[in-house]
Enquirer: 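Can you read through this structure? Questions will come right after.
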Amino acid sequence: MRMTRLVAKTLREAPADAEAVSHRLLVRAGYIRRISSGVYSYLPLGFRVLRKIESIVREEFDAAGAQELLLPALQPIELWEESGRTKTMDDVLMRLELRGADFVLGPTHEEAVIATVGQDIASYRDLPATVYQIQTKFRAEARPRYGLLRTREFIMADAYSFDVDQEGMRASYKSVFDAYCRAFDRLGVTYYPVEADAGSIGGDVNHEFMVPAAIGEDHFALCGHCGYKANIEAARRGVADQQGTVAVPEMAEIETPGATTIESAVEMITRSGHPMTSADMLKTFVGRDDQGGLAVFLVPGDRQVRLPRGYTALDAAIFGDHPFLHRGYVAPMGMQARKVKVYADHSVRVPRGWTTGANRPDTHVIDALIGRDFEVDEFMDLVVVEDGDHCPQCGEPLSLVRSVEAGHTFQLGLTYPEKISSARFSAEDGSEAMYFMGCYGIGVSRLPAVVAEVTADELGLCWPISVAPYQVHLVAISHLRDPEVARISEELYSSLGAAGIEVLFDDRDLAPGVKLNDADLMGIPVQLVIGPKGIASGVVELKRRKDQSRREVTVLDAESAVISLVAELFAEL
RNA sequence: CGGGGAGUGGCGCAGCGGCAGCGCACCUGGUUUGGGACCAGGGGGUCGGGGGUUCAAAUCCCCCCUCCCCGACCA
């Protein structure tokens, strides 16, 4: 492609609203343009990157035996009502009404794929099967941000597997999981498949494919010693067993008017002559399950609660419906008598007295002891893991890594078939059975931003060869004044193209500095610079964008040198 | 959805009651050519929208819209 014909202009300044490095550079280098909040267009360069990523995913899915199909973005709302996700995903569903009928623009396609393959996966003879689609999806994001990272319209590659039983599902899962790993290897970015929480999509075992990046909205815990890794939503920590007995004074009440936060309670109790820190407080968090049943969750006061699956925080507005609950003064004492379960984090199981609420307004207690002053029904993992916590597997310190979720694989099992009556097949004995599903998504349109984010340097973008829009950037210096430069540039442009190399040819009539800076900004991995100085002595300059390392090669050797450098860059992935 | 900020030419910005400007980009001509050149000329803006105040509004007041940031939320 000649740059005089390319539809793209580099910008010296990024739009003021672009915050993320990847966003700024992709706009400045002429890859994308914003159309609306969270809605982007891909210019030819950006589209080429997108298509390369798509191709990698497609090739690896195909190699894993998955079959590509295409599902509709426009879906009748009945599908979503049957699965119950008009409720669970209400906040992100884009709904629309057409001539009196209600539709949603699909944010994901579990319902649609089940509706689609119904009569084609009807027998155990048709299983196992894995299908996938690469297409645009929609989410009514409350707050789109970071350019391509969080958008309202985006492209996903989603695979769905169907199996007769759980064992089969696990095999299918493994197969797609491995395909994911190969795809990410080829993308040239560091990634970690981490244990994750299933969120609104449901299901059991699942992994997120995390790419460490400064711009990340997620964190995962990583043990540098044993390799344990899990999303912050799912990570556990190891707690030393400290059972035993110790003399704790009798529980005593302290007046704490208005101290409804941990912070203010600590301050007031300390001032009353009992010095303490938030770590000495027992945070008593009230949650409710799907049926409205209450439970309290105990964690040390300096830790953030992570409720177990199935529980949500009790809404402040309905606190008053339970006269024995006093916001800011809730305590575990006597909860069992109120039919409220008491769950405590493992770290609470230590022989010591705790400071906590008194179940009366404006009052706390000190020296509350488990087994004497209150009972715990069950100990479990209830805190959000923090940097420096101990690994649950080996006890070494964990570190939290900021990262972007680039893919997610789920073993859904029967989650959807249980709700959707058409998700059935005839088993070998003639009975009707539900198939076990897996679903697997890669954020295709998120990946150009992720890759750009982790590979860019102070000069601009810096693509891995596998996703770069072109492999070689041929920069002609003064070619309009030096016929030799023009001739050799043209020759190399056409011979490299004939050799199957993807070449972007900067044939613009611009100052050398502008062209060289643009080449660095655009980030194509190999630069071939042809100018009068070199040509006078029969050489051209070959540069690797990644490390700016350059060497001169003779005009005669240029083509083969470029071809081998491209091969070398592929080999380095 | 809560808090904060911003809307002036394609992009970045100034102007804040009295003729709508600057830099980049774009067009024409000329000079220049190995790390973001220069000279001369030129095109392009209902100043986000509506209402109001005023002799006069980009500028002051009211309402609305859009966008960005922080938070909440999150396949």
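To find a chain, count down the sequence lines: A is the first, B the second, and so on, and within it residues start at 1.
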Enquirer: What interatomic distance, in whole Å, is found between P of B:rG18 and the corresponding atom of B:rC60?
Expert: 11 Å
Enquirer: Counting only side-chain heavy atoms from C-beta out, which of B:rG12, B:rA25, B:rC73 sits nearest to A:Glu13?
Expert: B:rG12
Enquirer: Taking the C1' atom in each of B:rG9 and B:rG48, what is the distance between them to the nearest angstrom?
Expert: 14 Å
Enquirer: Whole-Å distance between B:rG4 P and A:Glu19 CD?
Expert: 19 Å
Enquirer: Have a look at A:Phe138 and say if it touches a base, only the backbone sugar-phosphate, or nothing, with a 4.0 Å heavy-atom cut-off.
Expert: nothing
Enquirer: May I ask you to say what A:Val514 touches in the nucleic acid, namely base, sugar-phosphate or nothing, with a heavy-atom cut-off under 4.0 Å?
Expert: base
Enquirer: Under 4.0 Å, counting only non-hydrogen atoms across every strand here, what does A:Asp482 touch: a base, just sugar-phosphate, or nothing?
Expert: nothing
Enquirer: Go through the N and O atoms of the side chain of A:Arg150 and the base of B:rC74, and report whether any donor-acceptor pair is under 3.5 Å.
Expert: yes
Enquirer: Need the pair for B:rG29. Rule: Watson-Crick or G-U wobble, both distances under 3.5 Å, any strand; none if unpaired.
Expert: B:rC39
Enquirer: Whom does B:rA57 pair with, Watson-Crick or G-U wobble, provided both distances fall under 3.5 Å?
Expert: none
Enquirer: Check every strand shown and say whether A:Asn517 touches a base, only sugar-phosphate, or nothing at a heavy-atom separation below 4.0 Å.
Expert: base
Enquirer: Please report the distance, rounded to the nearest Å, between NE2 in A:His408 and P in B:rC74.
Expert: 14 Å
Enquirer: Report the C-alpha distance between A:Ser478 and A:Val485 in whole Å, list the side-chain angles of each, state the deciding distance to 0.1 Å, and finish with yes or no for side chain to side chain contact (heavy atoms under 4.5 Å, CB included).
Expert: CA-CA 7 Å; A:Ser478 302; A:Val485 170; 5.8 Å; no
Enquirer: Quick check for you: among B:rG34, B:rC70, B:rC11, whose closest atom lies nearest to any side-chain atom of A:Lys533?
Expert: B:rG34
Enquirer: Identify the nucleotide, in any strand shown, that forms a Watson-Crick or G-U wobble pair with B:rC24, with both distances under 3.5 Å; if there is none, say none.
Expert: B:rG10
Enquirer: Consider the side chain of A:Lys9, meaning its heavy atoms from C-beta on, and name the nucleotide among B:rC73, B:rA25, B:rG36 that approaches it most closely.
Expert: B:rA25
Enquirer: Given atom CG of A:Leu43 and atom P of B:rG10, what is their separation to the nearest angstrom?
Expert: 17 Å
Enquirer: Is there a donor N/O on one and an acceptor N/O on the other, under 3.5 Å, for the side chain of A:Lys543 and the base of B:rG35?
Expert: yes
Enquirer: A:Pro15 side chain: which of B:rG12, B:rG36, B:rA25 is closest?
Expert: B:rG12
Enquirer: Does A:Ala18 reach a base, just sugar-phosphate, or nothing at all? Heavy atoms under 4.0 Å.
Expert: nothing
Enquirer: Among B:rC70, B:rG12, B:rC67, which is the nearest nucleotide to the side chain of A:Ala16?
Expert: B:rG12
Enquirer: Which is more 5' along RNA chain B, the nucleotide nearest A:Pro144 or the one nearest A:Pro532? Just name the residue.
Expert: A:Pro532
Enquirer: For B:rC69 versus B:rG35, give the span between their C1' atoms, rounded off to a whole number of Å.
Expert: 35 Å
Enquirer: What integer number of Å spans the C1' atoms of B:rC61 and B:rU54?
Expert: 12 Å
Enquirer: How are the rings of A:His207 and A:Tyr173 set to each other: parallel, tilted or perpendicular (split at 30° and 60°)?
Expert: tilted
Enquirer: Quick one about A:Gln135 and A:Asp158 (side-chain donor to acceptor, distance below 3.5 Å, no hydrogens or angles considered), yes or no?
Expert: no
Enquirer: So, does the side chain of A:Arg145 form a donor-acceptor pair with the base of B:rG71 at under 3.5 Å?
Expert: no
Enquirer: Determine: side-chain N/O of A:Arg143 to OP1/OP2 of B:rC70, distance under 4.0 Å, yes or no.
Expert: yes
Enquirer: Rounding to an integer number of Å, can you tell me how far A:Arg152 CZ sits from B:rU66 P?
Expert: 9 Å
Enquirer: Between atom CD in A:Glu141 and atom C1' in B:rC67, what is the gap in whole Å?
Expert: 17 Å
Enquirer: Between A:Ser37 and B:rU66, does any side-chain N or O lie under 4.0 Å from OP1 or OP2?
Expert: no
Enquirer: Please give the nucleotide sitting opposite B:rG45 as a Watson-Crick or G-U wobble pair, both distances under 3.5 Å, or none.
Expert: none
Enquirer: Base, sugar-phosphate, or nothing: which does A:Leu510 touch, judged by heavy atoms less than 4.0 Å apart?
Expert: base
Enquirer: Could you work out the separation of B:rC73 and B:rC27 based on their C1' atoms and round it to a whole Å?
Expert: 49 Å
Enquirer: If we take the P atom in both B:rU31 and B:rU8, what is their distance in whole Å?
Expert: 39 Å
Enquirer: Within 45° of the axis and under 6.0 Å from the centre of the six-membered ring of A:Phe154, does NZ or CZ of A:Arg446 qualify?
Expert: no
Enquirer: Name the orientation class of the two ring planes belonging to A:Phe505 and A:Tyr493 (parallel below 30°, tilted from 30 to 60°, perpendicular beyond 60°).
Expert: tilted
Enquirer: Side chain of A:Arg34 only, heavy atoms from C-beta on: which candidate in B:rC68, B:rG35, B:rG36 is closest?
Expert: B:rC68
Enquirer: Between A:Gly38 and A:Ser478, just flag the one whose closest nucleotide in RNA chain B comes earlier from the 5' side.
Expert: A:Ser478
Enquirer: Just how far, in rounded Å, is C1' of B:rC1 from CG of A:Asp90?
Expert: 14 Å
Enquirer: Determine which nucleotide pairs with B:rG2, using a 3.5 Å limit on both distances of a Watson-Crick or G-U wobble pair.
Expert: B:rC70
Enquirer: By the 4.0 Å heavy-atom rule, please label A:Arg24 as base, sugar-phosphate, or nothing.
Expert: nothing
Enquirer: Checking contacts here: which listed nucleotide (B:rC74, B:rG36, B:rG34) is nearest the side-chain heavy atoms of A:Ile477?
Expert: B:rG34
Enquirer: Walk me through whether A:Tyr31 and A:Leu461 qualify under side chain to side chain contact (heavy atoms under 4.5 Å, CB included).
Expert: CA-CA 11 Å; A:Tyr31 284 70; A:Leu461 297 167; 3.5 Å; yes
Enquirer: Do A:Gln411 and A:Arg170 get their side chains close enough for a donor-acceptor pair, meaning under 3.5 Å?
Expert: yes
Enquirer: Does a nitrogen or oxygen in the side chain of A:Ser36 sit under 4.0 Å from OP1 or OP2 of B:rU66?
Expert: no
Enquirer: Could you walk me through whether A:Tyr416 and A:Arg85 pass the side-chain hydrogen bond (donor to acceptor under 3.5 Å, both in side chains) check?
Expert: CA-CA 10 Å; A:Tyr416 288 85; A:Arg85 291 208 292 180; 2.8 Å; yes
Enquirer: If the P atom of B:rA6 is compared with that of B:rG44, how far apart are they to the nearest Å?
Expert: 31 Å
Enquirer: Specify the separation, in whole Å, of atom CD1 of A:Ile488 and atom P of B:rG34.
Expert: 17 Å
Enquirer: Find the distance A:Phe154:CZ to B:rC74:P and express it as a whole number of Å.
Expert: 16 Å
Enquirer: Rounding to the closest angstrom, what is the interatomic distance between B:rC11 and B:rC16 at atom P?
Expert: 24 Å
Enquirer: Give me the ring orientation class for A:Tyr180 and A:Phe209: parallel if the planes are under 30° apart, tilted from 30 to 60°, perpendicular past 60°.
Expert: tilted
